[in-house]
Amino acid sequence: METESYTNGGGVAKEIGIANKQTIRGNDFVLRFLAFVLTLVAAIVLGVSKQNELVPVQLVPTLPPINVPASAKWSHMSAFVYFVIVNAIACAYAVISLVLSLANKGKAKCLSLTIIFFDLIMMALLYSSVGAAAAVGLIGYKGNTHVRWNKVCDVFGKFCGQVAAAVVISLVGSILFLLLVLFAMLNLHKNRRH
């Protein structure tokens with residue numbers, strides 16, 4: 001941390017600590033890179049998830065059950081489609097913002113504010129997609145007896161595991177975007193005080 005001296009209105013000199021700008025840029029680079037990796041991995045993990053099983057269906061109680069082939073795939077549920085698309089968008093944005101923030105180096109305030117604005121949008125999109133996918137995943141895991149939706153995770157265990165992993169990975173990615181916004185706000189606050 002560096003220190004900077006200034007005099008207040010009464011002529012008294014004060015020293016205050018300011019964050020090293022290289023450290024701030026380094027943190028920004030690391031957070032953006034990790035956000036890129038995590039959103040990419042989350043999109044891939046759910047995007048390649050597919051499981052086929054034979055499900056026994058009892059048509060008449062006196063007859064033996066019939067095995068019917070069933071498949072679980074991310075494209076079968078709109079919440080999962082939304083999740084994969086949002087993570088792909090956030091991944092692409094993380095790369096673009098990484099390049100822009102490295103090129104900018106904090107010089108153009110307008111570009112910095114634009115990046116912060118889009119960081120906030122990516123964070124909101126990621127949290128909404130995580131919530132949607134987690135809600136559908138929870139219904140698949142527990143079912144809903146009130147509307148007679150049976151559990152599917154006991155049949156499609158591998159698929160449900162991939163959904164859970166993708167949701168957790170994306171949640172960590174959205175937390176990284178939250179940290180980017182918080183650090184940017186802190187940086188703006190520090191710059192405003194000087």
Side-chain angles (χ1 to χ4, degrees), residues 1-10 12-47 74 79-138 162-194:
M1 184 177 278
E2 299 173 5
T3 60
E4 185 176 287
S5 298
Y6 74 97
T7 56
N8 63 5
V12 178
K14 287 187 175 182
E15 272 195 22
I16 59 167
I18 59 171
N20 185 352
K21 289 188 178 188
Q22 292 290 6
T23 306
I24 291 172
R25 273 190 247 130
N27 289 341
D28 188 69
F29 174 81
V30 169
L31 289 174
R32 287 187 193 285
F33 182 75
L34 288 175
F36 157 70
V37 170
L38 291 173
T39 54
L40 176 67
V41 169
I44 290 172
V45 166
L46 190 57
W74 68 276
F80 295 153
V81 171
Y82 177 63
F83 180 88
V84 170
I85 290 171
V86 165
N87 275 279
I89 290 170
C91 174
Y93 168 74
V95 170
I96 293 168
S97 67
L98 183 62
V99 170
L100 288 175
S101 64
L102 286 175
N104 185 28
K105 297 182 182 177
K107 294 176 185 172
K109 296 264 186 214
C110 183
L111 182 59
S112 295
L113 288 174
T114 304
I115 290 173
I116 294 168
F117 175 73
F118 282 108
D119 285 347
L120 192 59
I121 289 174
M122 288 305 121
M123 180 191 70
L125 285 172
L126 282 170
Y127 276 122
S128 69
S129 73
V130 165
V136 169
L138 191 61
Q162 286 178 298
V163 169
V167 166
V168 169
I169 292 168
S170 184
L171 181 61
V172 174
S174 58
I175 290 171
L176 292 178
F177 275 106
L178 173 65
L179 289 174
L180 283 167
V181 170
L182 291 177
F183 286 151
M185 287 176 26
L186 225 106
N187 194 23
L188 286 174
H189 180 68
K190 285 179 185 178
N191 289 341
R192 186 175 179 211
R193 288 185 11 191
H194 295 111

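Each residue takes its place number in the sequence, starting with 1.
With rounding to the nearest 0.5 Å, the separation of CD1 in Ile121 from CG in Leu125 is 7.5 Å. Atom CG of residue Leu186 and atom CG of residue Leu179 lie 11.5 Å apart, to the nearest 0.5 angstrom. With rounding to the nearest 0.5 angstrom, the CG atom of Leu111 is 10.0 Å from the CD1 atom of Ile116.
Closest non-hydrogen pair, Tyr93 versus Ile115, comes out as OH-O, 2.9 Å. When all heavy atoms of Phe177 and Ala90 are compared, the closest pair comes out as CZ-O, 4.0 Å. Of all the heavy atoms in Tyr127 and Ser174, the pair that sits closest is CE2-OG, 3.4 Å. Contact record, Ala133 with Phe83: CB-CD1, 3.7 Å, taken as the closest heavy-atom pair. Pairing each heavy atom of Tyr82 with each of Ala132, the nearest pair is CD2-CB, 4.5 Å. Here the closest non-hydrogen pair linking Leu46 and Ala166 is CB-CB, 3.9 Å.
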Donor-acceptor list for residues 31-42 side chains, cut-off 3.5 Å, not counting sequence neighbours:
unit_1 : atom_1 : unit_2 : atom_2 : d
Arg32  : NE     : Asp28  : OD1    : 3.2
Arg32  : NE     : Asp28  : OD2    : 3.0
Arg32  : NH1    : Ser97  : OG     : 3.0
Arg32  : NH1    : Asp119 : OD1    : 2.9
Arg32  : NH1    : Asp119 : OD2    : 3.4
Arg32  : NH2    : Asp28  : OD1    : 3.4
Arg32  : NH2    : Asp119 : OD2    : 2.7
Thr39  : OG1    : Ala35  : O      : 2.7
Thr39  : OG1    : Phe36  : O      : 3.2
Thr39  : OG1    : Cys91  : N      : 3.4

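Side chain of Ser101 to backbone of Leu98: a donor-acceptor contact under 3.5 angstrom is found.
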For side chain to side chain contact (heavy atoms under 4.5 Å, CB included), just list the numbers for Met123 and Leu126, CA-CA rounded to whole Å, side-chain angles, deciding distance to a tenth of an Å, and then say yes or no. CA-CA 5 Å; Met123 180 191 70; Leu126 282 170; 5.9 Å; no
